[in-house]
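The structure appears right after this line, and notes come after that.
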2 protein chains.
Amino acid sequence: MDERTMRDRILDAAEARARTSGYHGFSFRELADDVGVKSSSIHYHFPTKGDLGAALAKRYATRAGDYLGDPASVGPEEAVTRLTQLFRDALVRDDKMCLCGLFGAEHESLPPEVASATGDFFRLVLGYLTAAFGPRWAGEAPAAILARLEGALIIARALGDVNLFEVAAQGPSRGG
Amino acid sequence: MDERTMRDRILDAAEARARTSGYHGFSFRELADDVGVKSSSIHYHFPTKGDLGAALAKRYATRAGDYLGDPASVGPEEAVTRLTQLFRDALVRDDKMCLCGLFGAEHESLPPEVASATGDFFRLVLGYLTAAFGPRWAGEAPAAILARLEGALIIARALGDVNLFEVAAQGPSRGG
DNA sequence: GTCTATAATTTGATAGAC
DNA sequence: GTCTATCAAATTATAGAC
């Protein structure tokens with residue numbers, strides 16, 4: 001049996017489509033077909049597409065935060081390793097974009113509540129790295145690390161070459 | 001007078017919208033209104049949306065190549081400087097995404113001809129950096145530099161903070 | 001080359017029965 | 001909570017007059 005709530009099943013279907021096509025690239029009808037209900041039932045759980053998009057970004061950020069854990073107890077290297085693995089999972093395990101990377105690229109065309117929740121994801125990750133690095137950190141800036149991972153995902157997927165992600169994710173520290 | 005050809009006026013309007021909303025986020029009707037014609041006239045110049053999207057990505061790549069110049073005559077530092085300025089212009093001057101960064105994120109949901117032309121942009125830039133760096137280059141990999149710039153654009157726009165682009169674009173070489 | 005007109009489909013969203 | 005039925009608007013695209 002499917003133990004997920006209908007709300008979660010809808011969010012799962014929406015996330016899969018949004019991470020492939022973006023906010024403007026999926027419809028309530030498609031989600032309804034994916035889940036096996038009618039589109040009016042989707043509207044019962046999420047009155048508007050903006051509501052759904054915002055819930056999508058919020059759940060995505062919450063899950064990322066849970067995966068990354070407490071920055072105070074991981075240390076700088078482990079923090080970067082965990083974040084890198086989060087993006088590698090998106091590429092290899094899910095074969096999908098980072099939801100908020102794609103929403104971030106569409107930022108100006110999103111309903112305000114979706115744009116806001118997308119921003120929260122980036123603030124969460126930057127805050128995580130900043131906290132894990134501590135005030136004495138002299139290495140690559142949190143924004144540079146996160147940017148590299150978002151971009152690496154795009155390039156690797158656009159060129160169909162997983163290794164390009166590893167090359168880009170490796171960053172400045174090239175063993176040699 | 002407007003010296004641009006109708007084809008270019010359409011591409012200009014389409015680029016502005018695509019760089020804000022993505023491939024799935026604009027319509028022929030909107031472009032027609034922007035340019036001041038009917039949507040059937042847009043179809044005369046670009047029979048399908050895929051034709052338009054591919055032309056968009058091709059023109060974008062060509063212009064980027066013209067801006068970057070011959071890699072054999074610029075040297076590694078100047079090559080990175082020029083590429084960085086290309087992305088800074090997108091953020092500050094245009095207040096738009098990189099067209100191919102957004103198309104790349106939507107890659108799996110694009111018509112084949114658009115996905116292909118988008119890939120050409122990334123191949124062009126990576127080839128440019130690779131050529132400018134030469135075989136003895138031991139610094140940051142071309143894919144890492146390009147990834148950082150694409151991601152920096154997304155993050156800076158999503159958080160409405162131009163300085164985040166500069167921080168991320170700065171990369172590993174932090175003067176201190 | 002641009003227009004009017006239109007086709008066929010899809011979109012986000014609502015009303016009301018069950 | 002899901003359904004049927006429906007809406008008004010928008011979508012990509014085509015046919016044919018001018």
Side-chain angles (χ1 to χ4, degrees), chain A residues 1-57 102-103 106 108-118, chain B residues 1-57 102-103 106 108-115 117:
Chain A
M1 323 306 147
D2 199 332
E3 299 289 345
R4 295 172 298 169
T5 65
M6 180 53 65
R7 182 189 158 89
D8 274 330
R9 292 174 61 198
I10 294 168
L11 286 173
D12 287 347
E15 183 177 314
R17 288 196 177 270
R19 288 175 66 188
T20 299
S21 310
Y23 180 82
H24 304 290
F26 72 92
S27 73
F28 273 55
R29 288 289 210 294
E30 290 171 327
L31 301 184
D33 290 343
D34 290 343
V35 171
V37 295
K38 295 297 174 179
S39 68
S40 54
S41 299
I42 309 287
H43 279 285
Y44 170 80
H45 294 277
F46 303 97
T48 71
K49 195 178 181 184
D51 294 330
L52 172 57
L56 220 42
L102 220 175
F103 277 8
E106 296 175 301
E108 290 211 350
S109 64
L110 298 176
E113 64 271 30
V114 184
S116 172
T118 300
Chain B
M1 323 305 147
D2 198 331
E3 298 289 345
R4 295 172 297 169
T5 65
M6 180 55 64
R7 181 189 159 89
D8 274 332
R9 291 174 62 198
I10 294 167
L11 286 173
D12 287 347
E15 182 177 315
R17 289 197 176 268
R19 288 175 66 187
T20 299
S21 310
Y23 181 81
H24 304 290
F26 71 91
S27 72
F28 274 54
R29 287 287 211 293
E30 289 172 328
L31 300 184
D33 290 344
D34 290 344
V35 172
V37 294
K38 296 297 176 180
S39 68
S40 54
S41 298
I42 308 288
H43 279 284
Y44 171 80
H45 295 277
F46 303 97
T48 72
K49 195 178 180 184
D51 294 329
L52 172 56
L56 221 41
L102 219 175
F103 278 7
E106 296 174 301
E108 289 211 351
S109 64
L110 298 176
E113 64 272 29
V114 184

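We name chains A, B, ... by the order of the sequence lines, and we start the count at 1 in each one. Small disclaimer: the values here were computed from a predicted structure and weren't measured.
Closest approach to the B:Ser39 side chain among D:dT2, D:dA13, C:dT11 is made by D:dA13 (side chain taken as heavy atoms from C-beta onward). When distances are taken from the side chain of A:Thr48 to each of C:dT2, C:dA13, D:dT4, the shortest belongs to C:dA13. Nearest nucleotide to the B:Arg29 side chain, out of D:dT11, D:dC3, C:dG12: D:dT11.
Atom NZ in A:Lys49 sits roughly 5 Å away from atom P in C:dG12 (whole-Å rounding). Distance CD1 (A:Ile42) to P (D:dC3): 9 Å, rounded to an integer number of Å. One interatomic measurement links the two molecules: CG of B:Leu52 to P of D:dT11, which rounds to 14 Å at whole-angstrom precision. The distance from atom CZ of A:Arg9 to atom C1' of D:dG1 is 13 Å, rounded to the nearest whole Å. Regarding B:Ile10, its CD1 atom lies at a distance of 14 Å from the P atom of D:dT12, rounded to whole Å. The separation between B:Leu31 atom CG and C:dT2 atom P is 14 Å, rounded to whole Å. B:Phe28 has its CZ atom 17 Å from the C1' atom of C:dA8, to the nearest Å. Note: OH (A:Tyr23) to C1' (C:dT11) measures 12 Å, nearest angstrom.
Side chain B:Ser40 to base C:dT4: a donor-acceptor pair is found below 3.5 Å.
In this model, the phosphate group of C:dA15 is not approached by any side-chain N or O of A:His43 to a distance below 4.0 Å at OP1 or OP2. The side chain of A:Tyr44 contributes an N or O atom lying less than 4.0 Å from OP1 or OP2 of D:dG1. The shortest distance between the side-chain N/O atoms of B:Ser27 and the OP1/OP2 oxygens of D:dT11 is below 4.0 Å.
Although no hydrogens or angles enter the test, the distance criterion places no donor-acceptor pair under 3.5 Å between the side chain of B:Asp33 and the main chain of B:Glu30.
At a threshold of 4.0 angstrom between heavy atoms, the contacts of B:Phe26 are confined to the sugar-phosphate backbone, with no base atom among them.
For the pairing with A:Asp34, the side-chain hydrogen bond (donor to acceptor under 3.5 Å, both in side chains) check across A:Arg17, A:Arg9, A:Arg29 returns one residue only, A:Arg17.
Looking at B:Leu52 and B:Leu11, their side chains come closer than 4.5 Å, going by heavy atoms from C-beta outward.
At a cut-off of 3.5 Å, with distance as the only test, a side-chain donor of B:His24 or B:Ser109 sits close to an acceptor on the other residue.
Here the closest heavy-atom approach between residue A:Tyr23 and residue A:Val114 is recorded as CE1-CG2, 4.1 Å.
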